[in-house]
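These notes concern the structure reproduced below.
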Amino acid sequence: MKITSARVIVTCPGRNFVTLKIETDAGVTGIGDATLNGRELAVASYLADHVVPCLIGMDPQRIEDIWQYLYRGAYWRRGPVTMSAIAAVDTALWDIKGKMAGMPLYQLLGGRSRDRVLVYGHANGRDLEETVEAVGKYIDMGYKAIRAQSGIPGIDKAYGVGRGDMHYEPADARLPTNTVWDTPKYLNFAPRLFETLRDTYGYDHELLHDVHHRLTPNEAAQLGKALEPYRLFWMEDATPAENQEAFRHIRRHTTTPLAVGEVFNTIWDCKQLIEEQLIDYIRCTVVHAGGITHLRRIADLAALYQVRTGSHGATDNSPVCMGAALHFDTWVPNFGIQEYMRHSEETDAVFPHDYRFEDGFLLCGEAPGHGVDIDEALAAKYPYDPACLPVARLEDGTLWNW
Ligand SMILES: O=C(O)[C@@H](O)[C@@H](O)[C@H](O)[C@H](O)CO
Ligand SMILES: [Mg+2]
């Protein structure tokens, strides 16, 4: 069996997505997500110019060997662009293998570990009252777990507050939008938000919160302690995680569960965090962490230390990533939760899929492979529209973490 072609498809049905489509001499095709928000064309070029020429003629059944070839053969290992490109190839090859076997991807991985996949949605508002109301809407929609992000008094354009009430798209301009951050204002406000949410809705639903890399380790420890009475499911990206050791300080001072990893792209980014049990959930995704093949290795290491998965699932991860992630989530024994930011109708039309939301859970379909396709004719109607993520500065102009 041989790969006969591999094409990179860039489309923008409301936001940019990069998809790799691999075709074989058996007439079976597979697709993989290669979207890296704000850096899409870097991955598209890495694939088209440096990976696709190598793939032609290779045996698509040799998933592991091709993964090793693309990882070791690149010489320049790791990094979001390289690992997103490898992820797209890997996901497409697993899709092909499923179709060849006539099996949904989760069966190839080892079968079901659960009947359905717990997800969390994103409730946000411009202020505390709007956010409390938004959480209520998600409860009414049947969500069991809800992330709450709110505008913060005195801060313009706080992270995580969308323009609509269902879709949150941070890549909002051709050049980075400047936003202002103020940690004291945030630390004064965040505990009040969760106190109000618990007073309003009680403790029957899981609440999550994304700090989005903005605190120092000690500030994160302070916030974690202040949130303990409200029993969060997790406090995410409490501090930038390049220095994995920094989480020792947070862990020493709070029992609020910690999640990190959506910006990680290999096991090396989280090995210490997992082995020292500095986190509770690992957030790596299929699209950015080298595909199914590598994410499985990360999950298996995490399982040794009772760390559970909580994969990233923002709108800038395409439905192709979501479809593959759901099969992974259906199989992985140490599953925690799956992020589920709904895509727009435009996006769903370009990426027809068989997964569905039901009463706070997602269910992957039974179609062979990962169950997601791309409507190339429709995709062609949405040309690439450059957009990138904002930057954040402190009030005095210091460049901070967005
Ligand atoms: O947890 C999350 O969903 C966020 O951290 C993301 O929305 C993140 O801001 C975007 O994926 C960045 O492109
Ligand atoms: Mg996040």
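Every value quoted in this text rests on a predicted model; they were computed, and no experiment measured them. Read the numbers this way: they start at 1 and go in the same order the structure lists the ligands and their atoms.
- Across every non-hydrogen atom of His288 and Met83, the tightest pair is O-CB, 3.6 Å.
- Atom 3 (O) of ligand 1 has Glu339 OE2, 2.4 Å as its closest protein atom, hydrogens excluded (heavy atom only).
- Seen from the ring of Tyr106, Arg112 counts as a face-on cation partner, given the 6.0 Å and 45° thresholds.
- Ligand 1 is never approached by Tyr340 to a heavy-atom distance shorter than 4.0 Å.
- For the Mg ion (ligand 2), the nearby protein N/O/S atoms, meaning those under 2.8 Å, are Asp210 OD2, Glu236 OE2, Glu262 OE1.
- Within ligand 1, counting atoms from 1 as listed, the ones closer than 4.0 Å to a heavy atom of His312 are 2 (C), 3 (O), 6 (C), 11 (O).
- Proximity annotation for atom 11 (O) of ligand 1: of Thr315, Val211, Asp316, Asp316 comes nearest, heavy atoms only.
- A distance of 6.0 Å or more separates the ring centres of Phe361 and Tyr340.
- Atom 7 (O) of ligand 1 has its closest protein heavy atom at Tyr159 OH, 3.3 Å.
- Listed by atom number, the atoms of ligand 1 under 4.0 Å from Asp210 heavy atoms are 1 (O), 2 (C), 4 (C), 5 (O).
- Between Arg251 and Gln277 the shortest heavy-atom distance is NE-O, 3.0 Å.
- Within the listing of ligand 1, atoms 1 (O) sit less than 4.0 angstrom from a heavy atom of Glu236.
- Shown in contact with Arg283 at under 4.0 Å from a heavy atom are these atoms of ligand 1, numbered in order with element: 1 (O), 2 (C).
- Using a 3.5 Å distance cut-off with no hydrogens or angles, the side chains of Ser150 and Glu130 do not pair a donor with an acceptor.
- Looking at Asn218 and Thr216, their side chains never bring a donor and an acceptor atom within 3.5 Å of each other.
- Between Trp402 and His212, the ring planes are perpendicular. Angles over 60° get that label, and only those under 30° would be called parallel.
- Not a single N or O atom of Trp402, backbone or side chain, sits closer than 3.5 Å to an N or O atom of ligand 1.
- Residue-ligand proximity, Leu389 to ligand 1, at heavy-atom distances under 4.0 Å covers atoms 13 (O).
- Of the possible polar contacts, none joining the Arg214 side chain to the Asp182 backbone as a donor-acceptor pair under 3.5 Å is found.
- Looking at atom 9 (O) of ligand 1, its nearest protein heavy atom turns out to be His212 NE2, 2.8 Å.
- Among protein heavy atoms, the minimum distance from atom 8 (C) of ligand 1 is reached at Glu262 OE2, 3.4 Å.
- Ring to ring, Phe351 and Phe17 are close: their centroids are under 6.0 angstrom apart.
- Within a 6.0 Å sphere centred on CZ of Arg7, other residues, nucleotides and ligands contribute more than 12 heavy atoms.
- Judged by distance alone, the side chains of Asp90 and Thr293 do bring a donor and an acceptor atom under 3.5 Å apart.
- Each of the following atoms of ligand 1 lies closer than 4.0 Å to a heavy atom of Arg147: 1 (O), 2 (C), 3 (O), 4 (C).
- Scanning the protein heavy atoms around atom 13 (O) of ligand 1, the nearest turns out to be Asn37 ND2, 2.8 Å.
- In summary, the side chains of Thr183 and Trp181 do present a donor paired with an acceptor at a separation below 3.5 Å, with no hydrogens or angles considered.
- Of all the atoms in ligand 1, the ones that sit under 4.0 Å from a non-hydrogen atom of Met341 are 3 (O), 7 (O).
- Checked against a 6.0 Å centroid threshold, the rings of Trp94 and His370 do not count as neighbours.
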